[in-house]
Amino acid sequence: MSIDGSFDPAAIEAGLYDDWERSGHFAPGGNGRAYCIVIPPPNITDRLHIGHAFQHTLMDALMRYHRMTGRRALWQTGTDHAQISTQMVVERRLLEQGIKREDLGRQGFIDRVWEWKRTTGGNISRQIRRMGSSVDWRRERFTMDEGFSRAVIEVFVRLYDEGLIYRGKRLVNWDPVLQTSISDLEVDNHEEAGQLWHFRYPLADGARTQAGADHLVVATTRPETMLGDTAVAVHPDDERYRSLVGKSAILPLVGRRIPVIADDYVDRAFGSGCVKITPGHDFNDHAIGARHGLETVNIFAADATLNDNAPAAYRDLDRFVARERIVADMESAGLVERIEAHTMTVPRGDRSDAVIEPWLTDQWFVKIQPLAEPAIKAVEDGDIEFVPRQYENMYFAWMREIEDWCISRQQWWGHRIPAWYDESGDVHVGRTEAEARTRAGFDDDVPLAQDEDVLDTWFSSALWTFGTLGWPERTPELATYHPTDVLVTGYDIIFFWVARMVMMTLKFTGEVPFKQVHIHGMVRDAEGAKMSKTRGNGLDPLDIIDGISTDALVAKRTANMTQPRMAETIEARTRREYPNGIPPYGTDALRFTFCAMASQGRDLAFDLKRIEGYRNFCNKLWNATRFVLGHVKSAADLEGPANAGPSDRWIRSKTRHLVDTAHRSIADYRFDLYANAVYEFIWHEYCDWYIELTKPVLFEADARPEAARAAKRTLLDVLELLLRTAHPIIPFITETLWQRVAPLQGSTGATIMHQPFPRPDEQPEDAGAQAAIEWLKAVVTAVRNIRGELNVAPGKAIDLLLQGSEPQSRQLGANETLLRRLANVNAVRFLGDDEVPPPVSMQIVGGDNTGGATSHALKVMVTMADLIDTDAERARLQKAVDRAEMDLARTGSKLANENFVAKAPPAVVAKERNKHDRLRGEIGALKEQLSRLDGQ
RNA sequence: GGGUGUUUAGCUCAGUUGGGAGAGCGACGGCCUUACAAGCCGUAGGUCGCAGGUUCGAGCCCUGCAACACCCA
């Protein structure tokens, strides 16, 4: 591949990933200490979205870095069968063909799901490759593959045998649309506008309230559930109703006699202070019912229509239809006190969006307390560390109040519960039917029927770290890579996944699943809003990589909308924001953007303007390499004696700090600091200064061949080091360039992936060279500043005068050639201390207390002659005087403060004195120059 | 109602033990300087959410308040 023109991501990315994968570069290698990350398994129903892309960027940077530091690094990958999601997706597709799952039967349906998985379910794995993720595909797993399923069953049986899994009739969250139970975590609570109905329940036996009423008023947001009421509750200390406790009310429309009970749970201030109690359809009421021995009446069928426990008039009605009918009937009976608008919390299923119904059914539960305790301790003891730390609070809060986990789902796709029932309904658990039979002591002719339910998808993902490494077998992989090093994930699944992994892994391996958890933020749109299909503000990472036209983007965002009326708004906004579509930025630019924006503990607002800057950065690196390769055409160019100058020694020396920052930032998961350090060094040190500094030497190579050779070597060595330093962030471009650069150094390595990550001591420290180049940069910057402010064309050579202390004149001696070239200086002269300069434009540099070569003030003067506008120069000087005087006033008042001088550390006081003196000198010089101007 | 986080330049965000407020983008001015106009050089712009407190000294520590975001109920 030739290195010319501009950076073209499509051209370099194509094929490179396949080469890596085919060559086996992603597999763990070497004999170093193990390093392992397990991928948060994407659902087989997923398409790669921007959150995956972000997460993969961070994980891949970690993997590539640790691989380069010599660790035997395994990135374990795989996918999740996504129980409910997948069943929904496949059911929907079948429905499009007019097929219901019942038509196919259980096995027929499951076969269709597997078929769908074979054809479509692998898309996500292919898309992940576009991100450059260096995962070990040969070890790809699936939560329903044979081995993993064996682990799931093993865990179930062992927990059951220990009494940690039980079956029971309990009130659970019931999704009437999917017709399955779901866990607490799968319920989203939304605030929704509703109403509060105040109903009158007549008192029985002529009882009266303290105020003399013959009825109680109860308020409810769910009128239809009154058919299941079995009590009315008041607060035990409520004088209004105290005398009624133990008496009865008559449940309207039903005619049932229900007791008035007293319970602390009742809020006296809410409504009338009376509460209807429906133990069959409300979690709080259920608890009250249990306390008071109340009857539980279930009025709903599985689809939330009313069942035979409801009066005949309401049977088979949908719950919302029944609500209207009941309110109407109560109105006609004159039993509605009032109706008011009320904002209420409505529970909805996170997959179906259906209103969830508390419903009494037989389900399987994990007794969680015994598992939670060690899991809490592991984090308390620091065996698992959250980064950033604050998420530990979230973890603790949830774990300390955790409730038993409902793990059975009334669905077909998933791990079927390994339990069998005999004819008397007794349950027998075993790894297989045969084992269940043996354990029960049944002969083969005893009829057994397997439980119809499947397990919550998170039950299996909880086993991910050890299940993928071969458990329950004692595999070498398990011994080598477990516990894994770090889990990289979003805060949205700390409860769903992280906490449950910790519990299950501790239980079954006696080890933590991972030593650290890096919690990253969520990717949002440029305004900080959540990306969603409904909002139509989503960005597909592949569109950012490959580019997309405006029309295609609009089409994509408005297709298959659940709320088609939004389409117009979305189209208008999309056309406004992306009038020219999205250009192809490439994977590297996207990854660099993610890293740079990955500051800790906050979400990131993804703005395409940022990515443009990082695409430009890639182009910068590309062109810097072109420059180097243009001067080093073959290894022969480097042969022979070389004599490194200050600039060569300076840039080598500077890499030490960069590399040190890289190591420290990665250890802290500060990808932003790492990326910024790389950006800053490559652009503003290597390109802006070092390459410019080599030009005077390279363009006059014949005059000083040893110096030119040293420059070439340094250009090449430092570039190669930078490519390795940047590789974990931008793998494609660094590999491509490295393939061209490294051979010139004599490297025979096949890939940059397996080169050592630079160490801080790879290049020699050189304080003298650093001082020299910092001096040079300060003077050049001063001259450019004068040029810029006084509008002296860059092409116009100027004459330069310098005045200052003796060390400064020595720096001039060492750097004069470079100075002339970089500042476009014609003649330069160092004035004696007493020498009065001719008309000049002046700037003072240095005096910065660094203790280096610039620690004494230096006057940088450009001779004015006809170049300079005197008024403009006067204004410049005045501005400098003003600024210095403000600083002087501040240091002056500090030094005048006795407390400061007495109590501040001596070094701080000395620094302040030093600064005070410098400013006084500077102001004096500036004013002197101003008065000279006035005299002219 | 309980909890966590955020609030710094027009925008997006850094700011590591308390010691002279930074970057990128955007804006403005000047440059087609032989790696790069996806570039180069320069300039402007901030009462660090508000009010107190601790301290010689606070963007940073403490208290209170406000706004926003998220988690739990």
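Numbered from 1 within each chain, the chains take letters A, B, ... in sequence-line order.
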| So with a 6.0 Å cut-off around NE2 of A:H657, is the heavy-atom count from everything else above 12? | no
| Output field: ring centroids A:Y395/A:F386 closer than 6.0 Å | yes
| remark: Across every strand shown, the nucleotide meeting Watson-Crick or G-U wobble geometry with B:G52 (both distances under 3.5 Å) is B:C62
| request: Calculate the interatomic distance between A:I519 atom CD1 and B:G5 atom C1'; express it in whole Å. | output: 14 Å
| task | Using whole Å, report how far OH of A:Y491 lies from P of B:A69. | result | 13 Å
| request: Check whether any side-chain N or O of A:R787 sits under 3.5 Å from a backbone N or O of A:K796 as a donor-acceptor pair, and report yes or no. | output: yes
| Atom C1', compared across B:G20 and B:A37: separation rounded to whole Å | 37 Å
| Atom-to-atom span, CZ of A:R913 to C1' of B:G20 - whole angstrom | 17 Å
| query | Is it true that A:R389 and A:E392 have a side-chain N and a carboxylate O under 4.0 angstrom from each other? | reply | yes
| For B:U6, what is the paired nucleotide under Watson-Crick or G-U wobble rules, both distances under 3.5 Å? | B:A67
| query | How far, in whole Å, is B:A73 from B:A67 if one measures between their P atoms? | reply | 25 Å
| query | In whole Å, what separates the P atom of B:A23 from that of B:U4? | reply | 34 Å
| said: Need to verify one output field. Residue with the more 5' nearest nucleotide on RNA chain B, A:R664 or A:K879? | reply: A:R664
| said: Test your reading of the model: is there a side-chain donor-acceptor pair from A:E13 to the backbone of A:G586, 3.5 Å cut-off? | reply: no
| request: Spell out protein contact along nucleotides 29-42 of chain B as letters: B when the base is contacted, S when just the sugar-phosphate is, - when no protein heavy atom is under 4.0 Å; keep the 5' to 3' order. | output: -SS---BB-BSSSS
| Integer-rounded Å distance: B:C25 C1' and A:I611 CD1 | 14 Å
Please write out the pairs of protein N or O atoms and N or O atoms of nucleotides 53-56 of chain B separated by less than 3.5 Å, giving the distance to one decimal.
residue : atom : partner : partner atom : Å
B:C56   : OP1  : A:K903  : NZ           : 2.4
B:C56   : O2'  : A:N897  : ND2          : 3.0

| field | Closest contact, heavy atoms only, A:L539 versus A:Y578 | value | CD2-OH, 3.6 Å
| Taking 4.0 angstrom as the limit, do A:E720 and A:R740 come out as a salt bridge? | no
| message | When the P atoms of B:C25 and B:C41 are compared, how many Å lie between them, rounded to an integer? | response | 12 Å
| message | Assess whether a salt bridge exists between A:E789 and A:K879, defined as any Lys/Arg side-chain N lying under 4.0 Å from an Asp/Glu carboxylate O. | response | yes
| field | Span that lies between the P atom of B:U8 and that of B:C61, in whole angstrom | value | 16 Å
| task | Would you kindly say whether A:H520 and A:Q55 are connected by a side-chain donor-acceptor distance under 3.5 Å? | result | yes
| Watson-Crick or G-U wobble partner of B:U17, both distances under 3.5 Å | none
| query | Given the P atoms of B:G59 and B:A21, what is the spacing between them in whole Å? | reply | 8 Å
| field | Pairwise P distance, B:C60 and B:U17 [rounded to whole Å] | value | 13 Å
| request: On the 0 to 90° scale, with breaks at 30° and 60°, tag the A:Y491-A:Y391 ring pair as parallel, tilted or perpendicular. | output: parallel
| query | Does a donor on one side chain sit under 3.5 Å from an acceptor on the other, for A:R610 and A:Y614? | reply | yes
| task | Could you please name the partner base of B:C40, counting Watson-Crick and G-U wobble pairs only when both distances are under 3.5 Å? | result | B:G30
| Heavy-atom closest contact (A:S841 atom, A:R876 atom, distance) | OG-NH1, 3.0 Å
| request: To the nearest Å, give me how far apart CZ (A:F592) and C1' (B:C25) are. | output: 15 Å
| request: Find the partner of B:U47: check Watson-Crick (N1-N3 plus N6-O4 or O6-N4) and G-U wobble (N1-O2, O6-N3) distances, both under 3.5 Å, and reply none if neither fits. | output: none
| Counter-base of B:A73, judged by Watson-Crick or G-U geometry with both distances under 3.5 Å | none
| query | So does A:E380 pair up with A:R400, basic N to acidic O under 4.0 Å? | reply | yes
| task | For A:D668 and B:G15, give me the distance from atom CG to atom P, rounded to whole Å. | result | 11 Å
| request: Can you tell me, in whole Å, how much space there is between the P of B:A58 and that of B:G2? | output: 33 Å
| note | Here the distance between atom C1' of B:C72 and atom CG of A:D188, to the nearest Å, is 13 Å
| request: In whole angstrom, give the distance that lies between atom CZ of A:F495 and atom P of B:U4. | output: 13 Å
| query | Once each nucleotide of nucleotides 9-14 of chain B is scored for protein heavy atoms under 4.0 Å, what B/S/- sequence comes out, 5' to 3'? | reply | ---BSS
